[in-house]
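Step one of this worksheet: look at the structure below.
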2 protein chains.
Amino acid sequence: MTETILKTYTIGELAKEFNVTTRAIRFYEDKGILNPSRQGQKRIYGPRDRILLKLTLRGKRIGFTLAESQKLFDMYQHGEDNKDQLETMLATLDEKDALLAQQKLDIEEMEAELQAARERCLTAIKKIDNI
Amino acid sequence: MTETILKTYTIGELAKEFNVTTRAIRFYEDKGILNPSRQGQKRIYGPRDRILLKLTLRGKRIGFTLAESQKLFDMYQHGEDNKDQLETMLATLDEKDALLAQQKLDIEEMEAELQAARERCLTAIKKIDNI
DNA sequence: GTTTACCTTTACGTTAACGTCAACCTTAAG
DNA sequence: CTTAAGGTTGACGTTAACGTAAAGGTAAAC
């Protein structure tokens with residue numbers, strides 16, 4: 001008995017859980033990121049699709065394009081045996097890592113500036129209130 | 001003598017310094033982000049434009065749209081006296097801050113996954129080399 | 001049996017952020 | 001004087017990531 005029963009989701013459930021439209025989810029399938037099975041003509045998503053969706057959305061939030069995410073997933077899945085592909089993936093990973101490092105700096109600098117702007121705002125409001 | 005001589009830049013200089021095209025720089029002017037003076041018909045950029053360009057590009061790297069950056073700059077510059085605007089700006093700043101916090105989490109999770117993928121890659125390569 | 005709530009495919013529309021000509025001016029150099 | 005290396009204004013083209021109808025299938029609920 002290697003049979004395992006997996007949790008499944010409808011497109012609407014996933015859409016609600018991750019706060020995206022069903023249109024977006026179908027779009028990701030179009031782009032080859034998701035691969036739901038069917039029950040009749042209805043899409044059925046398993047845990048794997050759910051994870052991929054989650055990763056995709058996270059990628060998006062930090063500026064990955066769908067193509068980039070897809071490429072990473074793809075390499076992760078079919079790259080075990082091909083050395084060239086593994087090395088390409090390594091390079092990609094390093095590149096992404098560098099970008100993330102830069103982004104961290106950018107975020108911290110931006111946070112400092114937002115904080116400064118915030119204080120300037122508060123001071124200006126106080127002045128107005130005290131007139 | 002309140003006269004101060006400011007450093008100026010041509011569009012090409014800025015493009016080279018920040019590694020963007022002149023087309024992009026002109027585009028930012030179109031969007032109201034930059035405001036160079038002219039010498040004849042040639043654009044002359046001062047330190048202020050340079051900073052704004054720098055901030056804009058940094059914003060881009062962490063996912064700000066040009067419109068968002070422009071809005072922030074705008075509020076920062078003309079908002080001193082209008083209380084409503086100041087409060088709008090505060091709200092915007094808080095919102096952005098929240099996004100940045102989320103991004104930090106996303107980045108860290110992504111880094112962990114890239115690291116894991118990296119190790120999987122290296123192991124797989126070693127296996128291939130040892131055959 | 002007919003709403004209601006989801007689901008489906010097909011396909012054109014939209015927005016952001018430039019890219020990419022084209023056609024032209026303007027100096028400094030040879 | 002003409003060539004080269006900048007700069008200028010249009011203005012149409014492009015890509016990503018969906019939005020937005022339109023037109024229809026299906027299944028449980030009333």
Side-chain angles (χ1 to χ4, degrees), chain A residues 7-46 49-50 52-74 92 96 99 103 106, chain B residues 7-46 49-50 52-74 92 96 99 103 106:
Chain A
K7 174 131 219 295
T8 63
Y9 311 83
T10 70
I11 194 170
E13 284 165 359
L14 285 186
K16 197 171 277 182
E17 176 174 1
F18 293 109
N19 201 33
V20 293
T21 66
T22 59
R23 174 69 178 91
I25 296 183
R26 286 192 204 98
F27 185 75
Y28 299 157
E29 182 178 351
D30 234 62
K31 292 292 158 181
I33 291 176
L34 303 181
N35 236 346
S37 52
R38 299 291 178 125
Q39 204 166 80
Q41 73 170 356
K42 294 195 174 169
R43 277 165 252 256
I44 302 294
Y45 299 87
D49 292 301
R50 189 172 157 281
L52 286 175
L53 177 55
K54 188 173 181 174
L55 292 179
T56 301
L57 295 176
R58 182 157 82 206
K60 281 204 55 173
R61 286 196 299 270
I62 56 180
F64 283 33
T65 68
L66 294 182
E68 284 171 335
S69 292
Q70 204 264 351
K71 195 178 151 199
L72 280 176
F73 300 157
D74 219 58
T92 309
K96 283 296 164 200
L99 281 182
Q103 270 194 49
D106 287 334
Chain B
K7 174 132 221 289
T8 64
Y9 312 83
T10 70
I11 194 169
E13 284 165 359
L14 285 184
K16 197 171 278 183
E17 177 175 0
F18 294 108
N19 201 34
V20 293
T21 66
T22 61
R23 175 69 178 90
I25 296 182
R26 286 192 205 99
F27 185 74
Y28 298 158
E29 182 178 351
D30 234 62
K31 291 294 159 182
I33 291 175
L34 302 181
N35 236 347
S37 53
R38 299 292 179 122
Q39 205 167 82
Q41 71 169 0
K42 294 194 175 172
R43 278 165 250 255
I44 302 295
Y45 298 87
D49 292 301
R50 189 172 157 283
L52 286 176
L53 176 55
K54 188 174 181 174
L55 292 178
T56 301
L57 296 176
R58 181 157 82 204
K60 282 203 54 171
R61 286 197 297 270
I62 57 179
F64 283 32
T65 68
L66 294 182
E68 284 170 336
S69 292
Q70 204 263 353
K71 195 179 152 198
L72 281 177
F73 300 158
D74 218 58
T92 310
K96 283 297 166 199
L99 280 182
Q103 270 194 49
D106 287 333

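Chain letters run A, B, ... following the sequence lines, proteins first, then strands; residues in each count from 1. What you see is a predicted model; the values in this text were computed from it and never measured.
For the pair Ala24(B) and Ile44(A), both in contact range of DNA chain C, the more 5′-proximal nearest nucleotide belongs to Ile44(A).
Rounded to an integer number of Å, the gap from CG of Leu53(A) to P of dC18(D) is 11 Å. Nucleotide dG10(D) holds its C1' atom 12 Å from the CZ atom of Arg26(B), rounded to whole Å. Rounded to whole Å, the distance from CG on Asp30(B) to C1' on dT15(C) is 16 Å. The interatomic distance linking Leu57(A) (CG) with dC18(D) (C1') rounds to 13 Å, in whole Å. Regarding Ile33(B), its CD1 atom lies at a distance of 8 Å from the P atom of dA17(C), rounded to whole Å. The distance between atom CD of Gln39(B) and atom P of dT8(D), rounded to the nearest whole Å, is 11 Å. Rounded to whole Å, atom C1' of dA16(D) lies 14 Å from atom CD of Gln70(A). Straight-line distance from the CZ atom of Phe27(A) to the C1' atom of dT14(C): 13 Å, rounded to whole Å.
When distances are taken from the side chain of Arg38(A) to each of dT8(C), dC18(D), dA17(C), the shortest belongs to dT8(C).
Pairing each heavy atom of Ile33(B) with each of Leu52(B), the nearest pair is O-CD1, 3.6 Å.
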Short heteroatom pairs, N/O only, protein and nucleotides 20-26 of chain D, under 3.5 Å:
from	atom 1	to	atom 2	distance (Å)
dT20(D)	O4	Arg23(A)	NE	2.9

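Of the residues in residues 10-22 of chain A, those placing a heavy atom less than 4.0 Å from an atom of DNA chain C are Thr10(A), Ile11(A), Gly12(A), in numerical order.
In this structure, Lys96(B) satisfies the cation-pi test against Phe64(B), with its NZ or CZ atom closer than 6.0 Å to the six-membered ring centre and inside 45 degrees of the ring normal.
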Report the C-alpha separation of Lys42(B) and Thr10(B) in whole Å, then their side-chain angles, then the decisive distance to 0.1 Å, and conclude whether the side-chain contact (heavy atoms from CB on, under 4.5 Å) test is met. CA-CA 8 Å; Lys42(B) 294 194 175 172; Thr10(B) 70; over 6 Å; no

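Side-chain atoms of Gln103(B) come within 3.5 Å of backbone N or O of Ile62(B) as a donor-acceptor pair. When atom types are taken as modelled, the side chain of Asp106(A) and the backbone of Arg61(B) share no donor-acceptor pair closer than 3.5 angstrom.
By the 4.5 Å heavy-atom criterion applied to side chains, Tyr9(B) and Lys16(B) are not counted as neighbours. Side-chain contact check for Phe18(B) versus Leu53(B): some heavy-atom pair is nearer than 4.5 Å. The closest side-chain heavy-atom distance from Val20(A) to Phe27(A) is not below 4.5 Å.
At a threshold of 4.0 angstrom between heavy atoms, the contacts of Lys31(A) with the nucleic acid are absent.
Close to dC18(C), at under 4.0 Å from its OP1 or OP2, lies a side-chain N or O of Lys60(B). Contact check, Tyr28(B) against dC18(C): a side-chain N or O comes under 4.0 Å of OP1 or OP2.
Taking the charged nitrogens against the carboxylate oxygens, Glu68(A) and Lys31(A) have no contact shorter than 4.0 Å, which rules out a salt bridge.
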